[in-house]
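Working notes, structure below.
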Amino acid sequence: MNRPNTLIRAITVALVATASLSCEALKRSAVKAYPQAYEAQGDPTVMAPVLSGPDEARRVVAIALTQVAGGFTQPTAAEFVPGEPTTLWVLEKTGALKWTAVDGAASGTLASLDVTTSSEQGLLGLAFHPRFADTRRFVLHYTTRKAGVDVSRVELWEASGESMRMTGVEPVRVVLELAQPYANHNGGHVAFGPDGYLYVGFGDGGFRDDPGLNGQNGATWLGAMLRVDVDAPVAGRGYAVPDDNPFIDTAGFAPEVWAIGLRNPWRYAFDPKGRLLVADVGQDLYEEVDVVAAGDNLGWNVREGRHCFAPKQGCATQGLVEPIFEYGRAEGQSVTGGVVSLSTRVPALAGRYVFGDFVSGRLWALPLPDGVQAVEPVALGKWPILPSHFARDAAGEVYVVDFGAGRVLRVDAQGP
């Protein structure tokens, strides 16, 4: 059996996020559903950090996590609506697209999608078009069934109405679809880059050990980062391929491919310099954070992090890009990619990449190197949460989505 990672744990903690549970019932259900995670994290109803293991030797930035919204069931992502700084759109694994006020005083459901929810599948990714104010368009990434086959679907949607709280939403067209051989390692995130193009990350297809050898196969979208233009669809497909994609004229590579060698890029974001930061979920030993540029090969399944995987020794490393940070099982088991903080609430985090681990609940803030050299993070503590996503508001503050307790938390400075 493969170790559970990322949202494969979603099945085991499904009851945890039900809003009807009392605090004590929440704890009992959490411990029963996934004892290892919650034993490591502590009481999910007590929001206090713990410093342990390698974090004890790191510089520490003291933070608090303040709930701004709650009552969600298995939230997988949340993003602030452009132009409405106090409105969040939240995705639930089981297919609901919801809105909430940041203070949690009001909320509602915008749409319910027909999704598959086995293992890591579900409604997984949301990205607002960079010209959302004009286009009112956004992208959803989810898994569903088509002709009896599990597929990942990236779909363009459009919102109507003046307020993005009580608005109408409807699909415009399917951008792209990909058949999935297994129910895990489907990726699921989407993000628009500063170039206006959509970046779509797919895992290697699932199970363990990359049985289809997809990570090093540039001809498949599995195990790859794609880059497409959703504003100029061509006949027969819902997108165009940008002329400057790195493999557009390379034999043996799909033209949509931006980078290869990824195992499961669960979350990724762009830094202020426009660089793509990817948190790639490892298998048995290492989690990693990468700076990913056009044409890069991140190494899976030849390597896991900076270490040989297949073969275990003496693997070929020429042309493979090193992660800027990796961590092992003493710190966590499933990295959740973050965002670069532009915070004024916590100035010590400004310019750092804030991310965490879904299993251990540890949070870190990573300084960003000029290149791809290795760097060490500051520790933000181990919290009683299952972080599934990080978001940033218009003011640059960072928020974390807690899959386990169904809440959205803001990263604040620790009080006196």
Discussion item. Any non-hydrogen side-chain atom of R153 less than 4.5 Å from a side-chain atom of Y142?
Written reply: yes
Worksheet item: So, R136 and E158, do they make that salt bridge, N to O below 4.0 Å?
Response: no
Practice prompt. Answer with yes or no whether the side chains of W364 and D357 bring together a donor and an acceptor at under 3.5 Å.
Written response: no
Discussion item. Can you confirm whether Q216 sits close enough to N297 that some side-chain heavy atom of one is under 4.5 Å from a side-chain heavy atom of the other?
Written reply: yes
Worksheet item: Would one find more than 12 heavy atoms of other residues, nucleotides or ligands at under 6.0 Å from atom CG of D244?
Response: yes
Worksheet item: Does atom CD of Q373 have more than 12 heavy-atom neighbours from other groups under 6.0 Å away?
Response: yes
Worksheet item: Are any side-chain N or O atoms of N217 and backbone N or O atoms of A219, one a donor and one an acceptor, separated by less than 3.5 Å?
Response: yes
Discussion item. Hydrogens and angles aside, do H129 and D231 bring a side-chain donor and acceptor to less than 3.5 Å of each other?
Written reply: yes
Discussion item. Does either side chain, that of T117 or that of T94, offer a donor lying less than 3.5 Å from an acceptor on the other one?
Written reply: no
Discussion item. Using modelled atom types and a 3.5 Å cut-off, is there a donor and acceptor pairing between side-chain atoms of D402 and backbone atoms of G404?
Written reply: yes
Worksheet item: Heavy atoms, side chains only, cut-off 4.5 Å: are L363 and I63 in contact?
Response: yes
Item to complete: Locate the shortest heavy-atom distance separating M225 from V278; write the atom from each residue and the value.
Response: CE-CG2, 4.0 Å
Worksheet item: Can Y353 and F325 be said to form a ring-ring contact (aromatic ring centres under 6.0 Å, His included), step by step?
Response: CA-CA 11 Å; Y353 177 69; F325 177 64; 9.9 Å; no
Worksheet, complete the sentence: Correct closest heavy-atom pair for I248 and P242 would be CD1-O, 3.5 Å
Worksheet item: Does the side chain to side chain donor-acceptor pair (under 3.5 Å) test come out yes or no for T66 and D412, once each step is laid out?
Response: CA-CA 7 Å; T66 304; D412 287 334; 2.6 Å; yes
Discussion item. Under a 4.0 Å threshold between the charged nitrogen and the carboxylate oxygen, would R263 count as salt-bridged to D280?
Written reply: no
Worksheet item: Is it true that a side-chain atom of T100 and a backbone atom of L88 form a donor plus acceptor pair closer than 3.5 Å?
Response: no
Worksheet item: Can you tell me if Y268 uses its side chain to pair, donor with acceptor, with the backbone of Y199 under 3.5 Å?
Response: yes
Worksheet, complete the sentence: Note: A101 and A69 closest approach over all heavy atoms is O-CB, 4.2 Å
Item to complete: Report yes if some heavy atom in the side chain of S107 is under 4.5 Å from a heavy atom in the side chain of K98; otherwise report no.
Response: no
Worksheet item: So which heavy atom on P369 is nearest to which on V375, and how close?
Response: CB-CG1, 3.9 Å
Worksheet item: Given side chains that start at C-beta, do those of V398 and L349 come closer than 4.5 Å, heavy atoms only?
Response: no
Worksheet entry | Criterion ring-ring contact (aromatic ring centres under 6.0 Å, His included) against F128, the qualifying member of W157, W89, F192 | W89
Worksheet item: Are R352 and S343 linked by a side-chain donor-acceptor pair shorter than 3.5 Å?
Response: no
Worksheet item: Do the side-chain N and O atoms of T143 and N186 include a donor-acceptor pair separated by under 3.5 angstrom?
Response: no
Worksheet, complete the sentence: Rounded to the nearest 0.5 Å, the OG atom of S388 sits from the CZ atom of R267 at a distance of 6.5 Å
Worksheet item: Can you find a side-chain donor-acceptor pair between D204 and W300 that sits under 3.5 Å?
Response: yes
Worksheet item: Any luck finding a side-chain donor-acceptor pair between R362 and S52 under 3.5 Å?
Response: yes
Worksheet item: Distance-only, no hydrogens or angles: does the R227 side chain make a donor-acceptor pair with backbone N or O of W258 under 3.5 Å?
Response: no
Response to the item:
d(T144 OG1, L113 CG) to nearest 0.5 Å is 8.5 Å
Worksheet item: Any side-chain heavy-atom pair from L198 and V190 closer than 4.5 angstrom?
Response: yes
Worksheet item: Less than 4.0 Å between a side-chain N and a carboxylate O, is that true for R329 and E287?
Response: yes
Worksheet item: Does a side-chain N-to-carboxylate-O contact under 4.0 Å join R58 and E331?
Response: yes
Worksheet item: If every non-hydrogen atom of A259 is compared with every non-hydrogen atom of L298, which pair is closest and at what distance?
Response: CB-CD2, 4.3 Å
Worksheet item: Rounded to the nearest 0.5 Å, how far apart are CG of L65 and OH of Y399?
Response: 12.0 Å
Discussion item. Can you confirm whether H141 sits close enough to H189 that some side-chain heavy atom of one is under 4.5 Å from a side-chain heavy atom of the other?
Written reply: no
Worksheet item: Salt bridge or not for K273 and D271, using N-O below 4.0 Å?
Response: no
Practice prompt. Provide the closest heavy-atom pair for A254 versus W221 in the form atom of the first, atom of the second, distance.
Written response: CB-NE1, 3.8 Å
Discussion item. Could you check whether any side-chain heavy atom of F132 comes within less than 4.5 Å of a side-chain heavy atom of V81, counting everything from C-beta outward?
Written reply: yes
